[in-house]
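This report refers to the structure that appears directly beneath it.
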Amino acid sequence: MDFPKLVAKVSEHYSKKLPFVLFSYPKENTLNIIFQDDAILHTTQSLSAEGFVFAPFDYEDIAYYIPKQNFNSAQFPENFENSKPSAVKTPKSTVQKKKYIQLVEKTIEYIKSRKAVKIVLSRSKEFELPNFDIETLINQLFGSNPDAFKYIWFHPETDMWCGATPEILVEINDAAFKTMALAGTQKDDGREPVIWPPKEIDEQQLVTEAITTSLQKVTSVLKVSKAYTHRAGSLLHLRTDITGMVKRGKATLTTIAAALHPTPAVCGTPQKIAKDFILKNERHKREFYTGFLGPINAKDATSTLMVNLRCMKILDGKARIFVGGGITISSIAAEEWEETQNKMQTMLEVLKPML
Ligand SMILES: C=C(O[C@H]1C=CC=C(C(=O)O)[C@@H]1O)C(=O)O
């Protein structure tokens, strides 16, 4: 099917409130779509169903999925990519800023008491969308952020979620798997070489160590790359690639996902203490933000699970954008606020014509 026809079909499907998911892989110009023709909410425990899974941050072995039955794809039109999207002025929110900074300070004190080494805090902000339109959303989202995995998920039971995420949770093909440690953030101001402050280097190193440790039980060969700079829209992160083989008979997508999620890039270390702190102290429910999502295929094809970052929920003419950042003993609260403001840009640029 060609792109305009497919977009029109999504629009029609959405007007009937039927589930669908659209996605595209980084650097690829194919739009993949799965339509579901009824409103059943499918769940999977084993991540073995073929389709597209969607799991919350507080994942307890149950993920939602849309089965792969009605799969379509289309190439993006020529010159589809938006020229560099223009920044949207991030609204000033004095009260929210004060509250977030207080929470960051409380978290730093908690870390100082040596109960945790790193805790990833987050917040969300709502925007009115007087000009919301599904076709505009598709064009805006898939025409920008070429380096990200982009998706729009809709199910009447979960509402609409969409995002452009830089972070792979796990990619697995037969016994070979790939994951990454992504942490540390700065704005891309075009300066080369990129200099990373020690706080960001330490924070990212911690993520790499925690991921390799948690994978040891289920993998046999692990290769860990050097940390390098990864571009994500107007932001830069530090990234380490981790590749290996899963132990035959021991590890499946489920065991690897369970070993990794939630990674210290979205939760913290030690994982349980960080998660309890987040659930107790954050002012909003994360829902699917920092959960995971992606296409799961049969054994001989690649399955990809991404971490749900740089994302938003769309409901009743409003969008709620979710953003966060890792807090360590060296964090400065005001800078952590700025970092979340910068991260908000990825979705604000997508929303720009609809605001
Ligand atoms: C939690 C988020 O980003 C994570 C991924 C990359 C860098 C991060 C950081 O520098 O704190 C976060 O760990 C988010 O975008 O909401």
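Note that ligands are numbered from 1 as they come in the structure, with each ligand's atoms numbered from 1 the same way. Small disclaimer: the values here were computed from a predicted structure and weren't measured.
- Among L309, V307, T328, the residue whose heavy atom lies closest to atom 2 (C) of ligand 1 is L309.
- Taking every non-hydrogen atom of A183 and a distance limit under 4.0 Å, the qualifying atoms of ligand 1 come out as 7 (C).
- Which parts of ligand 1 touch G326 is read off a 4.0 Å heavy-atom cut-off, strictly below it: atoms 9 (C), 11 (O).
- Each of the following atoms of ligand 1 lies closer than 4.0 Å to a heavy atom of E339: 9 (C), 10 (O), 11 (O).
- Between F154 and F20, the ring center distance clears the sub-6.0 Å criterion.
- Of all the heavy atoms in D147 and K27, the pair that sits closest is OD1-NZ, 3.3 Å.
- Using a cut-off of 4.0 Å between Lys/Arg side-chain N and Asp/Glu carboxylate O, K199 and E336 are scored as salt-bridged.
- An N or O contact shorter than 3.5 Å is missing between E200 and ligand 1 by distance.
- A salt bridge does not link D276 to K280: none of the charged nitrogens lies less than 4.0 Å from a carboxylate oxygen.
- Using modelled atom types, one finds a donor on one side chain and an acceptor on the other under 3.5 Å when comparing T30 with Q75.
- In this structure, the protein non-hydrogen atom closest to atom 1 (C) of ligand 1 is Y289 OH, 3.4 Å.
- When only non-hydrogen protein atoms are considered, atom 4 (C) of ligand 1 lies nearest to A265 O, 3.4 Å.
- A salt bridge between D189 and R191 is present, with a side-chain N of the basic residue lying under 4.0 Å from a carboxylate O of the acidic one.
- Looking at ligand 1, you'll find an N or O of G184 within less than 3.5 Å of one of its N or O atoms.
- An N or O contact shorter than 3.5 Å is missing between V323 and ligand 1 by distance.
- Comparing K343, H237, E336 by heavy-atom distance to atom 9 (C) of ligand 1, the nearest is K343.
- For ligand 1, the atoms closer than 4.0 angstrom to any heavy atom of E203 are 9 (C), 10 (O), 11 (O).
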CA sep, side-chain torsions, deciding dist, call: F292, Y59, ring-ring contact (aromatic ring centres under 6.0 Å, His included): CA-CA 9 Å; F292 60 85; Y59 169 70; 4.9 Å; yes
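- Taking every heavy atom of R310 and a limit of under 4.0 angstrom, the matching atoms of ligand 1 come to 3 (O), 5 (C), 6 (C), 14 (C), 15 (O).
- Under 4.0 Å is where a charged nitrogen must lie from a carboxylate oxygen, and between K352 and E349 no such pair does.
- Interface atoms of ligand 1 facing G325, defined by a heavy-atom separation under 4.0 Å, are 11 (O).
- Between R231 and E192, at least one side-chain N (NZ, or NE/NH1/NH2) sits under 4.0 Å from a carboxylate O, which counts as a salt bridge.
- Geometrically, ligand 1 and V266 share no nitrogen or oxygen pair separated by less than 3.5 Å.
- Each of the atoms 7 (C), 8 (C), 9 (C), 10 (O) of ligand 1 lies under 4.0 Å from some heavy atom of T185.
- The pair K223-D241 fails the salt-bridge criterion, with no side-chain N (NZ, NE, NH1 or NH2) lying under 4.0 Å from an Asp/Glu carboxylate O.
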